[in-house]
Amino acid sequence: MSKRIDVKDLNVYYSKFLAVEDVNINIEARSVTAFIGPSGCGKSTFLRTLNRMHEVIPGARVEGEVLLDGDNLYDSAVDPVTVRSQIGMVFQRPNPFPTMSIRDNVLAGVKLNNRRISKSDADALVEKSLRGANLWNEVKDRLARPGSGLSGGQQQRLCIARAIAVSPEVILMDEPCSALDPISTLAIEDLINDLKSEYTVVIVTHNMQQAARVSEKTAFFNIAGTGKPGKLIEYGNTTDIFNVPSEKATEDYVSGRFG
Amino acid sequence: MANATLTPRRSQLTKGKLPNWAMWAVLAGALILGAAVAALVGFSIISWAIFSAVFFIIAGTAVTGVAEGGRKARNRLALFLIYGAFIVALLPLLSVIWTVLERGVPGLSYNFLFTSMNGVTGAIDNESVAEGTPVLGGAYHAIVGTLQITLWATLISVPIGLLAAVYLVEYSTGGSLARAITFFVDVMTGIPSIVAGLFAAALFGQLFGPGTRTGFVAAVALSVLMIPVVVRSTEEMLKIVPNELREAAYALGVRKWRTITKVVVPTAISGIASGVTLAIARVIGETAPILVTAGFASSINWNVFGDWMSTLPTFIYYQILTPTSPTATDPSTQRAWAAALVLIIMVMLLNLVARLIARLFAPKTSR
């Protein structure tokens, strides 16, 4: 499992407004790639174009190509549902389904699609996914309880378990730790480290230490001013971005001398 | 050292504040004064209550103003007015419930609930008034009719209303179709019920010949009244389902209609259920549209597709307007009040059922 992503000349629009301009990036399989940059620079927007989630917003569209192991996501014959079942996503705020138990939340990707699954297979999948998300030991005795009763960090890990239960090729994470305390953040970061042996992980983060800790490659996005499109400024090995960036803007941002 | 704790000392934090019993004292004074003034103009409970309330508001505000200052006085005045408005709003409700209970309970019997008016004539009513025998005849046929017609009206309007609301919230992008639907739903909300009745009567008259009157025609008329309420309340409930849940489902590769049926609607189901109940409560008491669509029957008819039917409101209407015995109207009046009580109980039970549904389906948050 896990596939690489190549983006070619991608422009993202909200109706007429150009939100992200001309992105070219190659994301390796089985690696962790971090997107950093100031608020509003389009890194979340760009992340959402990688599994066609931005289309949920009316008027959003893209120009250019996103290739998943060579197949263009935006080919007119491609069903966005197929794309999303291969490229999972974890959101900024934990969003377990409030009407479902912990177990059903993990099985949501299977059950909501009405795929038949035997009870023993379901049990195995729940355990494997929850173990994969480092949550099994905390919830194994209360799988029938509602998922919304967990703490914020546990809910976020439940959402990760839900995402990996459909065995995607790629997992996108949109600031997964921004609503969490340091201990839960650490648990998620450990989890990301484990995930990269099987999945391609792309993470948007505001926390530069986090990007430095978890990622192999880092992409820095920036925006020239309000109303201007966001751009990919620099993309490279995380150690290079943080220690010897080639662009002045990157250096200013990572060293805290922003502006 | 123990001395310091023994000496009672007024806290600096409560300085310049009236003690808790002050308002009770003002209330007692206002009641006495109110009784005295009421006696001057002719004593009654109502004049006593009004005078006491006025004195209490004036005196309470004045006392507070003197002791605690202007801001507190204005606060207290507003508080009194709010409570007063609440009580005034509550009085008609309590009065209605009390009157219906008082007059309806004597007529409520097994006989009333489980027999129809079939074969009950003026002679029987005259006899029961003259000789004190129990009042015969009941509202069984009207209860059956109310349940049947309301059930069919619900069966028609809930799917239509629910799907219209799903279209408005989940599929439309604010285009002209959505705006037209919203506009006409608003217009429908204001349709007088008799017009809805005439519409259904005319429609079925065109389709199945003039004078077609069955329970189903009435159900169609009621659904015209129900649909806008269902659309509106369902729309509001679907709107407050967080977008994050939809996105979470999409991100798992779930199709849009499955997201709607398995995530969005279940999350909103408790609100939708109470909206439907409100819509039912709105139409269950309708009289005029039933009269022109279902006619009136005095015997039991379970079939909504054939023959005339009665409902509780039309039963009440006819019992009061054309008593079974023109000379002895008491038995008819008693039956009308009992039917009114049954109607209120039905609406209350409906509300309880809706609460139960809401409780059962509500998103679970307990740990």
Side-chain angles (χ1 to χ4, degrees), chain A residues 48 51-59 79-102 104-115 142 144-151 154-155 158-159 162-168 171-174, chain B residues 162 166-179 181-182 234-235 237-275 356-367:
Chain A
R48 290 165 67 94
N51 70 341
R52 298 187 66 166
M53 275 302 290
H54 72 296
E55 293 176 357
V56 173
I57 298 160
D79 183 349
V81 171
T82 320
V83 171
R84 291 177 200 144
S85 62
Q86 295 200 16
I87 307 182
M89 190 160 196
V90 176
F91 297 86
Q92 190 166 357
R93 285 207 302 174
N95 53 1
F97 296 121
T99 49
M100 297 182 193
S101 65
I102 293 174
D104 287 346
N105 260 291
V106 177
L107 293 174
V110 177
K111 283 200 167 166
L112 293 181
N113 281 318
N114 246 18
R115 246 178 287 143
R142 45 173 173 163
R145 296 290 195 80
S148 42
L150 298 171
S151 77
Q154 289 172 326
Q155 285 188 18
L158 178 61
C159 293
R162 182 175 69 185
I164 60 184
V166 294
S167 33
I171 299 177
L172 309 176
M173 298 187 176
D174 190 357
Chain B
L162 192 67
V166 165
Y167 171 75
L168 286 176
V169 178
E170 303 290 332
Y171 286 95
S172 85
T173 48
S176 47
L177 179 60
R179 277 203 305 273
I181 291 176
T182 312
T234 309
E235 192 188 350
M237 287 303 135
L238 292 179
K239 268 185 191 161
I240 59 173
V241 173
N243 241 339
E244 295 159 12
L245 295 182
R246 296 185 181 93
E247 293 194 340
Y250 294 150
L252 291 170
V254 180
R255 295 203 176 274
K256 185 166 190 173
W257 71 275
R258 285 210 154 272
T259 303
I260 293 167
T261 54
K262 300 270 181 140
V263 175
V264 179
V265 172
T267 307
I269 193 74
S270 63
I272 294 173
S274 47
L356 216 64
I357 292 173
R359 180 86 45 94
L360 285 177
F361 289 104
K364 297 155 187 75
T365 47
S366 64
R367 267 166 203 269

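Naming convention: chains lettered A, B, ... in sequence-line order (proteins, then strands); numbering from 1 in each chain. Source: prediction; values computed, not measured.
Options A:N113, A:L172, A:V166 differ in how many heavy-atom pairs under 4.5 Å they form with chain B, and the most are formed by A:N113. Here A:R93 is the residue among A:Q86, A:R93, A:Q92 with the most heavy-atom pairs under 4.5 Å with chain B.
Contacts of A:V81 with chain B are made by both backbone and side-chain atoms, with heavy-atom separations under 4.5 Å. Using a 4.5 Å cut-off between heavy atoms, A:R52 does not touch chain B at all. Of the atoms belonging to A:P96, it is backbone heavy atoms, and not side-chain ones, that fall under 4.5 Å from chain B.
Nearest heavy-atom pair across A:M53 and B:Y250 is SD-CB, 3.9 Å. Heavy atoms only, all atoms of each residue included: B:P266 and A:T99 are closest at O-CG2, 3.6 Å. B:T267 and A:P98 get closest at one heavy-atom pair: CG2-CG, 4.0 Å. Here the shortest heavy-atom pairing between B:K262 and A:M100 reads O-CE, 4.4 Å. Considering all non-hydrogen atoms of both residues, A:F97 and B:L252 come closest at CE1-CD1, 4.1 Å.
A salt bridge links B:E247 to A:R48: one of the charged nitrogens lies within less than 4.0 Å of a carboxylate oxygen.
Between the side chain of A:N95 and the backbone N or O of B:E244 there is at least one donor-acceptor pair closer than 3.5 Å.
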Candidate pair A:D79 and B:R255, rule salt bridge (charged side-chain N to carboxylate O under 4.0 Å, His left out), full reasoning: CA-CA 10 Å; A:D79 183 349; B:R255 295 203 176 274; 2.8 Å; yes

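No side-chain heavy atom of B:T259 sits under 4.5 Å from any side-chain heavy atom of A:L112.
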